[in-house]
Protein chains: 2
Amino acid sequence: MADPKTRILNAARDIFLEGGADSVTMRAVAERVGVTATALYRHFENKEALVRAVMSSGFETFGGYLHRALRGRTPMERLRLSGQAYLDFALEQPELYRTIFMTPWRGVETKMDPQWNATFQFLVDRVRECIAAGELKKGEPADVAVTIWAHVHGLVSLYLVGACNFTEKTFRSAYRQSVDRLFEGLTK
Amino acid sequence: MADPKTRILNAARDIFLEGGADSVTMRAVAERVGVTATALYRHFENKEALVRAVMSSGFETFGGYLHRALRGRTPMERLRLSGQAYLDFALEQPELYRTIFMTPWRGVETKMDPQWNATFQFLVDRVRECIAAGELKKGEPADVAVTIWAHVHGLVSLYLVGACNFTEKTFRSAYRQSVDRLFEGLTK
DNA sequence: GTCTATAGGTGGATAGAC
DNA sequence: GTCTATCCACCTATAGAC
């Protein structure tokens with residue numbers, strides 16, 4: 001924690017989580033660390049580099065959530081846990097979720113593309129093994145994965161944008177119900 | 001068109017559609033109209049009022065798209081056309097779609113709430129008449145409506161955020177395919 | 001590594017003349 | 001209704017002393 005660069009990164013991440021991307025300014029980050037804004041430039045080339053570092057660490061956080069799903073013992077349980085992890089991440093880290101999944105990526109995309117692909121690939125793998133096990137209808141795993149991802153993302157993002165006047169608890173139940181409805185069509 | 005207020009509103013809307021909400025500044029709008037920034041304050045109390053007017057007109061545009069769906073002759077056709085209209089709006093007015101459906105509404109919500117509710121109610125009505133006609137499984141219309149809305153919104157917003165490397169054409173086909181998959185579970 | 005001083009930019013908003 | 005002049009707030013970033 002003595003490492004100045006780490007302290008800056010953590011401060012930037014905290015500010016980001018509290019107030020969104022716009023509230024991350026060199027001044028604000030510096031103030032929280034307890035230095036002046038110019039000091040930051042010793043550790044990050046410019047603001048964009050700092051924000052990129054914050055996002056990258058956020059993506060790793062997301063990856064950690066997803067990874068838990070691999071504890072499941074059967075393909076279907078791993079798929080179900082993936083949906084659970086996705087929901088948990090969205091509700092526990094809404095600002096991160098918003099930035100990763102609800103904001104157009106201008107300029108930064110090349111840097112983040114591998115992480116995006118890895119995420120999607122994870123879901124495709126979960127779907128593929130369910131199809132192989134005969135638990136899901138036959139079909140192109142990537143297509144089915146898009147359907148599932150879009151569905152859970154749609155639910156989550158409508159909730160986060162404030163479209164439904166749900167409390168978190170009622171939303172969790174609506175989420176489960178809606179995903180179940182989708183799976184009625186996907187299973188048989 | 002002689003009406004200065006209308007000219008200002010149109011200029012603001014154009015700038016908004018071209019560059020998103022952030023690019024709407026009093027200076028930029030004034031320049032396009034051909035006046036100075038201070039002149040705008042004769043017609044709009046402040047920037048927020050101007051942006052609110054832009055959003056409100058955007059919502060009416062969306063309403064126009066949806067309204068076309070009522071031309072359908074059967075409940076199911078009206079529901080199908082609603083999905084079509086939603087997709088058309090998203091692809092033809094992406095900046096508007098992003099703002100209405102993908103941006104958290106801080107402060108402005110009270111003003112827009114009625115329009116939000118009207119939109120959701122429209123979909124609930126389409127679902128209800130399909131259930132009544134026996135075309136959709138029995139269930140709470142509002143719940144089913146959320147499922148459908150979330151699904152199409154999820155597809156559209158993943159596309160708009162750049163998550164899938166689809167062209168518009170391949171996306172339209174993926175959209176149709178995914179919605180069909182959902183309806184396999186909803187119909188029977 | 002961090003500071004002070006400072007340059008240079010964008011944006012919202014008001015006062016008062018015309 | 002529109003202008004000029006102006007203020008204020010806030011931002012990124014650099015130069016050079018310590």
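Within every chain, numbering begins at 1; the chains are lettered A, B, ... in the order of the sequence lines, protein sequences first and strands thereafter. Treat the numbers as computed from the prediction; the structure is a model and nothing was measured.
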Measure [atom1]/[X] against [atom2]/[N] and give the value in whole Å, please.
X	N	atom1	atom2	answer
B:Leu50	C:dG11	CG	P	14 Å
B:Arg42	C:dC18	CZ	P	16 Å
A:Lys5	C:dT2	NZ	C1'	17 Å
A:Met26	D:dT14	CE	P	10 Å
B:Phe44	C:dG12	CZ	C1'	16 Å
B:Glu31	D:dC3	CD	P	12 Å
B:Leu40	C:dG11	CG	C1'	13 Å
B:Asp3	D:dT2	CG	C1'	16 Å

Listed partners of A:Glu129 passing side-chain contact (heavy atoms from CB on, under 4.5 Å), at least two apart:
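A:Glu129: side-chain contact (heavy atoms from CB on, under 4.5 Å) contacts with A:Pro75, A:Arg78, A:Arg126.
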
Need to verify one output field. Residue with the more 5' nearest nucleotide on DNA chain D, B:Arg27 or B:Ile8?
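It is B:Ile8, whose closest nucleotide lies nearer the 5' terminus.
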
For A:Glu45 and A:Asp22, take the nucleotide of DNA chain D holding the closest heavy atom to each; which residue's nucleotide lies nearer the 5' end?
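Counting from the 5' end, the first nearest nucleotide belongs to A:Asp22.
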
Minimum-distance nucleotide to [X] side chain [options: [options]]:
X	options	answer
B:Thr25	C:dG12, D:dT2, C:dG1	C:dG12
A:Thr38	C:dG11, C:dA5, D:dC3	C:dA5
B:Val35	D:dC3, D:dG1, C:dG12	D:dC3
A:Asn46	C:dG12, D:dA13, D:dT2	D:dA13
B:Tyr41	D:dT2, C:dG12, C:dC3	C:dG12

Examine A:Tyr86 together with A:Phe122 and report whether their ring centres are nearer than 6.0 Å.
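No; A:Phe122 has its ring centre 6.0 Å or more from that of A:Tyr86.
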
Is the positively charged end of B:Arg68 above the ring of B:Tyr65, judged by distance under 6.0 angstrom from the centroid and angle within 45° of the axis?
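Checked: cation-pi criterion met.
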
B:Thr36 side-chain N/O to D:dT2 phosphate OP1/OP2 under 4.0 Å:
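So the side-chain polar atoms of B:Thr36 never come under 4.0 Å of the phosphate oxygens OP1 or OP2 of D:dT2.
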
Among B:Phe62, B:Phe16, B:Phe59, side chain to side chain contact (heavy atoms under 4.5 Å, CB included) partner for B:Leu96
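Running side chain to side chain contact (heavy atoms under 4.5 Å, CB included) over B:Phe62, B:Phe16, B:Phe59 with B:Leu96 returns exactly one hit, B:Phe16.
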
Salt bridge between B:Arg27 and B:Glu31, side-chain N to carboxylate O under 4.0 Å?
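Looking at B:Arg27 and B:Glu31, the cut-off is not met.
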
